[in-house]
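Written out below as structure tokens is the structure these notes cover.
Any value given below was found using the heavy atoms of this structure, including those in side chains, with hydrogens, waters and symmetry copies removed.
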Amino acid sequence: MSRPLHRGFSGGGRLSENIQDFLEDSQMKFKPEKEDLDKNRLSSDVMSSWNPFQSVVSIISPSKQSVPEKCYIVPDPYSPLSSRKRYKLTLFLLKLSLFVIVILALTGSFWWTISLTTTSRTTHTFRGYRRLQEQLVSDLWDIGELSLGSSRIKESEFCSLESENYIPCFNITENLELGLTEGQEQDRHCGPTSKQNCLVLAPSGFKIPHRWPTGRDVIWIDNVKINAQEVLSSGSLTKRMMLLDEDQISFSFASSMVDDSIEDYSHQIAEMIGLRNESYLVQAGVRTVLDIGCGFGSLGAHLFQKQLLTMCIANYESSGSQVEITLERGLPAMVASFAAKKLPFPSLSFDMVHSAWDGIAWNHKDGIHLIEVDRVLRPGGYFVWTSPIANTRASVKNKDNLKKWDFVRNFAKNLCWELLSQQDNTVVWKKPSDKDCYTSKSQGSGPYVCKAGHDVESPYYHPLEACIGGTHSRRWIPIEKRPKWPSRAALNPKELAVHGVLFDDLTEDDFNWKSAVRNYWSLLSPLIFSDHPKRPGIEDPVPPYNMVRNVLDMNAHFGGFNSALLEAGKSVWVMNVVPTSGPNNLPLILDRGFLGVLHDWCEAFPTYPRTYDLVHAEGLLSLETAKQRRCSIVDVFFEIDRLLRPEGWVILRDMTSLIETARTIAARLKWEARVIEIESNSDEKLLVCQKPLIKRRSYPS
């Protein structure tokens, strides 16, 4: 049996596998299904004693013998010709057999349906028939996935070197070739060629990140695509930092930002709003901040200590990425550009928007970017802008900057924003708390209010519009009238009524997630600590509160998983993703003071490879397979593998048949995988996986 992988311990994971087998595995030339099933059956017998839920546990592991290596090393690709012929013949016979099974099953289902509908008319029988029919559809879908999906994984290879830091849908070179200019080349464009069905390898020098909070201040330089020269030359806002030694970068809150430290800068912002210091921002109704062009996330790192949650957004960058480094520090970030499209957030999403030295031409396109800021800003919220253009004393000598400043100042006034304060390069505006200014706007005085039919609350990468949005939303509640954090996480019945959710439903959902988080956390324990000998009767030690930091919830529902993690005292932040294929609860999640985004899981998520420690999904597979989708479960798993850090975790809960399919795919992704049966629900199971550390071999020059 393979030894489990460790996170945060020296020594890393160990590979237990015959070398010849690994050579074949590395090229995804898997042996016939019979041998895989034999391995699975053997692994289940070995680990049947591990039972945290008083349940049956199955283990999938590609391991056989122990090799004292810290990680996998990918060898030079080659495969014997005879082995390839045997593999193709076996694959052909398997597909032919599965095709015959599908035909027989569909024929049997047809006659069985006629028999049921003609012999029974009772409600009970109809419900049983409906459930059996749904199960049949699910089973047939599984057969199709196993016949097509598994073969696709077998034939796939590791991605090329260029994919180490690449994000599908953000191909700037391809966009320029298509004639996209004026910033549109930075926007997200997903097409058939953006799918990346291969396994992204970690760089040869990759190391497991430091745990929080150490990882906030010190990162491994080989984990991100940036070199020492870029570090030393990054002297602009929030990018200024110190190179600690040859393989680490150290960030300091005392590093220069504008002309003062980050702490002084945030203190200045609070004073300009009229507060004593940044610690009072929460009392003023500020909880979530959108930081446009965030540098390396130093402002968000400082505000996090003040109970503020900052989402960093920036353009895709092939090297020295603001988003990649911010995520490596354990801070919220995603790639986003609003050069031509709206941000994937609902209207009225953030209490504050911050933008400093961002390079955005706010005076271009008739102020359409300022209109987008207004859309995502909550009533009574603040827009903080730091730019040399705002320094009127310096702009007197620069007529071009003075002209830009006059445009921004006048346009903000037409948006009904109140200019609170201006100090040196920094300006703070406040969005109105009521709608009186918008209703009294005269024609020709700046942008008009969007009509009700065009005021989409949750646009998914829609084109930018030159009208003021969000004014028709039932969520128009000033930040000063919202409950202060952390009370905001528990919305009252009146607030929930706006979202069409009952108070009892949210309360029950939160209660269930509290129990689930306790169980989930204990499930991770045996995988990391099973190496350590223990005396009979002594339970496995509980994983530390900071074992994971960046968490991705692929189907967030009401944000209950996020809420339970915080209440349990786990040192995490959660990216709550609401799939476009399901109910849109993202406005509710954001109103609870959490972060989140809309996303179509048939497309690549807007982040760099290896950015999340834990990926969670409850009911996502059922949701995605319930509709005719343009992608398969295999595509989704490739994307999960791309997002997941080495030695990171995956927790899936779904219907038993889908979990069994997922387990098969997980084994072929070389994940350590365990299936957990749930006593309280025989129709569902858990799949707990851990991704191994597989590095790209570095060859001498």
Side-chain angles (χ1 to χ4, degrees), residues 4-9 13 47 49-59 208-215 330 486 489 508-532 534 538-576 594 612-620 640 643-654 659 662 666 671-681 684-691:
L5 297 172
H6 293 248
R7 173 171 178 77
F9 290 90
M47 289 300 294
S49 60
W50 182 77
N51 194 1
F53 274 100
Q54 299 301 319
S55 57
V56 179
V57 180
S58 300
I59 301 175
I208 301 301
H210 299 288
R211 286 186 180 166
W212 182 270
T214 303
E508 181 181 0
D509 185 71
D510 282 350
F511 176 81
N512 292 336
W513 278 115
K514 290 175 186 176
S515 175
V517 163
R518 287 194 297 269
N519 292 329
Y520 285 177
W521 215 256
S522 65
L523 282 177
L524 307 183
S525 170
L527 284 178
I528 8 190
F529 293 106
S530 58
D531 280 2
H532 297 247
K534 62 176 183 176
I538 299 179
E539 296 182 356
D540 290 308
V542 177
Y545 73 100
N546 62 347
M547 187 183 67
V548 297
R549 172 62 182 170
N550 299 355
V551 178
L552 178 71
D553 193 352
M554 299 178 69
N555 187 23
H557 301 288
F558 298 151
F561 185 54
N562 191 158
S563 178
L565 285 170
L566 295 181
E567 189 162 331
K570 309 305 180 186
S571 184
V572 303
W573 71 270
V574 180
M575 178 68 83
N576 295 282
F594 304 147
Y612 285 94
D613 304 304
L614 171 63
V615 175
H616 171 263
E618 192 271 334
L620 177 70
I640 295 175
L643 303 176
L644 194 62
R645 283 174 174 165
E647 300 194 9
W649 302 88
V650 178
I651 301 179
L652 304 178
R653 176 168 178 167
D654 223 301
I659 288 295
W671 294 355
E672 298 279 351
R674 297 184 177 186
V675 173
I676 315 295
E677 291 186 356
I678 305 172
E679 278 191 341
S680 59
N681 190 341
E684 294 184 350
K685 287 185 179 180
L686 282 177
L687 181 66
V688 182
C689 308
Q690 189 176 29
K691 176 182 175 178

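- When side chains are defined from C-beta on, K691 does not count as touching V650, because their heavy atoms never get closer than 4.5 Å.
- Looking only at side-chain heavy atoms (C-beta outward), L552 and M554 come within less than 4.5 Å of each other.
- Between D613 and R549 there is no salt bridge, since no side-chain nitrogen of the basic residue lies less than 4.0 Å from a carboxylate oxygen of the acidic one.
- Considering all non-hydrogen atoms of both residues, N576 and G559 come closest at OD1-CA, 4.1 Å.
- A heavy-atom distance below 4.5 Å is not found between the side chains of L614 and K570.
- Between A568 and V517, the shortest heavy-atom contact is CB-CG1, 4.3 Å.
- Here the closest heavy-atom approach between residue A673 and residue L687 is recorded as CB-CD1, 4.2 Å.
- Counting only heavy atoms from C-beta outward, the side chains of D510 and E567 never approach each other to under 4.5 Å.
- Looking at F594 and S563, their side chains come closer than 4.5 Å, going by heavy atoms from C-beta outward.
- Between W573 and Y612, the ring-plane angle classifies as tilted under the 30° and 60° cut-offs.
- Using a 4.5 Å heavy-atom cutoff, the side chains of F561 and N555 are not in contact.
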Go through D553 and N562 one step at a time and tell me if the side chain to side chain contact (heavy atoms under 4.5 Å, CB included) criterion holds. CA-CA 8 Å; D553 193 352; N562 191 158; over 6 Å; no

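- Ring orientation note: the planes of H616 and Y520 are tilted relative to one another, at an angle of 30° to 60°.
- Contact annotation: the side chain of R674 never approaches that of L523 to less than 4.5 Å [non-hydrogen atoms, C-beta and beyond].
- Side-chain atoms of W212 do not come within 3.5 Å of backbone N or O of V572 as any donor-acceptor pair.
- Across every non-hydrogen atom of N550 and G330, the tightest pair is OD1-CA, 3.3 Å.
- Counting only distance, with no hydrogens or angles, the side chain of S515 and the backbone of N512 share no donor-acceptor pair below 3.5 Å.
- No side-chain heavy atom of L620 sits under 4.5 Å from any side-chain heavy atom of L652.
- One finds the CG atom of D654 at 12.5 Å from the NZ atom of K685 (value rounded to the nearest 0.5 Å).
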